[in-house]
Amino acid sequence: MSSSVLKASDLTKRFGDFTAVNGVSFEIRPGEILGLLGPNGAGKTTTIQMLLGLVTPTAGSIHMFDLDLSTHREEILQQVNFSSTYISMPQSLTVEENLWVVARLYGISDMARRVNDIVKKLEMEEFRGKVTRKLSSGQMTRLTLAKAFLTEPRILFLDEPTASLDPDIADKIRSLLKEERRSSGLSILYTSHNMREMEEMSDRIIFLQRGRIVAEGTAQDIVDRFGKADLEEVFLKFAREQGQSSS
Amino acid sequence: MKLHRITALIVRHLYLYRRSLPRIMEIFYWPFLDLVIWGFITLYLARYQSQVPGFVTFFLGALILWDMLFRSQQGITISFLEELWARNLMNLFASPLKPSEFLTATMAMSVMKVTIVSIVMAGCALLFYSYNILTIGVWLMPFVLNLVIAGWIIGVFTTSLIMRFGQEAEVLAWSMVFLFQPISCVFYPMEVLPTWLQMIAMVNPAAHVFEGMRTVLGAGAPPVGDLAWAVCLNGALLVGVVAWFHRTVAYCKDQGLLVRVGE
Ligand SMILES: Nc1ncnc2c1ncn2[C@@H]1O[C@H](COP(=O)(O)OP(=O)(O)OP(=O)(O)O)[C@@H](O)[C@H]1O
């Protein structure tokens with residue numbers, strides 16, 4: 001039994017001649033929040049999509065809970081969920097109907113209690129009966145987070161989860177994430193372009209640039225190693241290097 | 001296969017239809033329009049019935065059966081398009097749902113649509129034209145089952161193309177089936193086709209069903225040979241097209257198209 005819930009080894013994705021992700025290896029430990037940082041086009045989304053089985057790696061392997069994703073897709077995805085500002089849910093269904101469908105899809109027992117709990121936790125009572133099409137972008141983000149929490153995952157992939165939330169709700173979401181990892185040992189892979197949030201949330205950070213890991217460690221480690229004032233400055237350094245090499 | 005995942009998708013579509021009048025109308029619009037237009041044409045031509053015996057029975061029967069195939073295909077393709085329009089494919093394919101469960105759910109949706117449309121069309125035919133589809137007799141059920149499966153084959157084929165080529169290919173959901181109509185010999189016997197087209201029609205299970213229908217209605221003979229052909233072709237083609245669907249999913253995952261298919 002290994003001490004990590006997720007192990008990506010030498011993960012590579014090529015689209016034709018273009019290498020989007022290049023030999024990336026990392027682990028996530030139980031209850032750990034791992035931040036995935038990098039400029040636009042660095043390969044963050046492609047990495048998450050490989051971890052979710054939506055994109056097949058060209059090379060390398062992915063193990064979660066000591067199972068190989070290529071051969072145990074169903075068992076792994078049952079224990080994993082994700083949320084992103086960029087995904088949507090069926091627009092003609094109400095918030096609650098959408099959650100019911102997800103609960104069924106994952107075979108959750110005691111669906112009514114779980115749906116009620118999650119609606120309360122994310123303060124969605126006010127719009128639980130609303131048709132999804134009529135939600136504000138912040139409410140929509142809360143719905144996609146609710147669908148991710150609903151299935152009680154052991155690993156959560158969050159692609160810019162607080163991007164469209166007001167500061168109050170964003171803060172509540174961050175507290176909820178920390179609380180969940182404390183109480184249930186939830187592990188999280190997190191991407192955000194908000195550097196302060198990254199510093200606050202992540203136990204460890206991986207920096208991607210042009211599909212390769214260029215730095216890894218705690219936020220403080222990384223800032224110290226590159227002799228910068230904060231994470232934002234490190235980010236700007238990598239983003240400009242990537243921009244220059246591609247221009 | 002897990003039943004709860006299949007029912008989750010069915011419930012999702014039922015929620016959708018419960019709230020959407022245009023979607024419900026869409027199910028009935030074309031069949032109803034077809035029935036009205038063809039019904040009157042049939043009534044007009046029926047004046048010359050002496051030349052073609054059982055003309056009304058041929059035409060209206062064929063029309064209703066053809067619509068069953070069409071709805072069956074739509075049940076599959078439109079269910080997929082609904083997920084694409086809702087940008088919900090990522091949620092589904094990143095869940096434990098298997099492609100085979102996805103297909104099973106769309107097939108169940110297709111059976112529901114066909115059942116509803118058939119009841120409404122058969123009722124209207126009876127009401128407007130005093131035509132009773134049950135005159136086809138005990139062979140009606142095997143005919144319908146074979147047409148539903150033929151509809152699935154076209155539906156899964158079309159869905160794979162849309163998945164592979166993206167939303168631009170969406171128009172196939174409505175047009176593809178009409179490519180099959182001439183070689184399904186719905187309103188005319190296979191023998192009127194040129195020889196080369198007859199060869200193509202021979203491998204279309206729907207053509208054998210319609211041949212069988214004419215055998216029953218015309219000669220009153222049991223259409224055992226026609227049905228045997230339809231069953232064998234349906235079985236082989238269904239296996240082939242489902243395998244192709246799985247290969248398309250794998251190809252889309254390799255090319256990163258699954259998450260971009262809505263674009
Ligand atoms: N299906 C695909 N086919 C071809 N190229 C792709 C495909 N998907 C991603 N790419 C390319 O791979 C690179 C990495 O993209 P990815 O979306 O993973 O970046 P990202 O780090 O998530 O960026 P952002 O911060 O903008 O979301 C980009 O150059 C992108 O154009």
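Within every chain, numbering begins at 1; the chains are lettered A, B, ... in the order of the sequence lines, protein sequences first and strands thereafter.
Both the backbone and the side chain of A/Thr94 come within contact range of chain B, with heavy atoms under 4.5 Å apart. With a 4.5 angstrom heavy-atom cutoff, A/Gln49 touches chain B only via side-chain atoms. Neither the backbone nor the side chain of A/Val80 has a heavy atom closer than 4.5 Å to any heavy atom of chain B. Within the 4.5 angstrom heavy-atom criterion, atoms from both the backbone and the side chain of B/Ser95 approach chain A. Looking at A/Phe157, there are no atoms closer than 4.5 Å to chain B (heavy atoms on both sides), in backbone or side chain. The contact between B/Arg19 and chain A is made entirely by side chain atoms (from C-beta outward), counting heavy-atom distances below 4.5 Å.
Proximity of a side-chain donor or acceptor of A/Arg73 to a complementary backbone N or O of B/Leu97 within less than 3.5 Å is detected. For B/Ser184 (side chain) and B/Val186 (main-chain N/O), no donor-acceptor pair under 3.5 Å exists by modelled atom type.
Using modelled atom types and a 3.5 Å distance limit, the side chains of A/Thr132 and A/Asn98 yield a donor-acceptor pair. Using modelled atom types, one finds a donor on one side chain and an acceptor on the other under 3.5 Å when comparing A/Ser92 with A/Arg133. Judged by distance alone, the side chains of A/Asp68 and A/Ser70 do bring a donor and an acceptor atom under 3.5 Å apart. Remark: the B/Lys113 side chain and the B/Tyr17 side chain contain an N/O donor-acceptor pair separated by less than 3.5 Å. For the 3.5 Å distance criterion, the side chains of B/Glu170 and B/Trp85 qualify, holding a donor opposite an acceptor.
Among A/Arg104, A/Gln78, A/Met89, A/Lys147, the residue with the largest count of heavy-atom pairs under 4.5 Å with chain B is A/Arg104. Per-residue heavy-atom pair counts under 4.5 Å with chain B were compared for A/Leu54, A/Thr144, A/Val101, and the maximum is reached by A/Leu54. Counting heavy-atom pairs closer than 4.5 Å to chain A, the top-ranked of the candidates B/Val11, B/Asn91, B/Leu92, B/Val249 is B/Asn91. The choice from A/Thr46, A/Thr45, A/Leu52 that makes the most heavy-atom pairs within less than 4.5 Å of chain B is A/Leu52.
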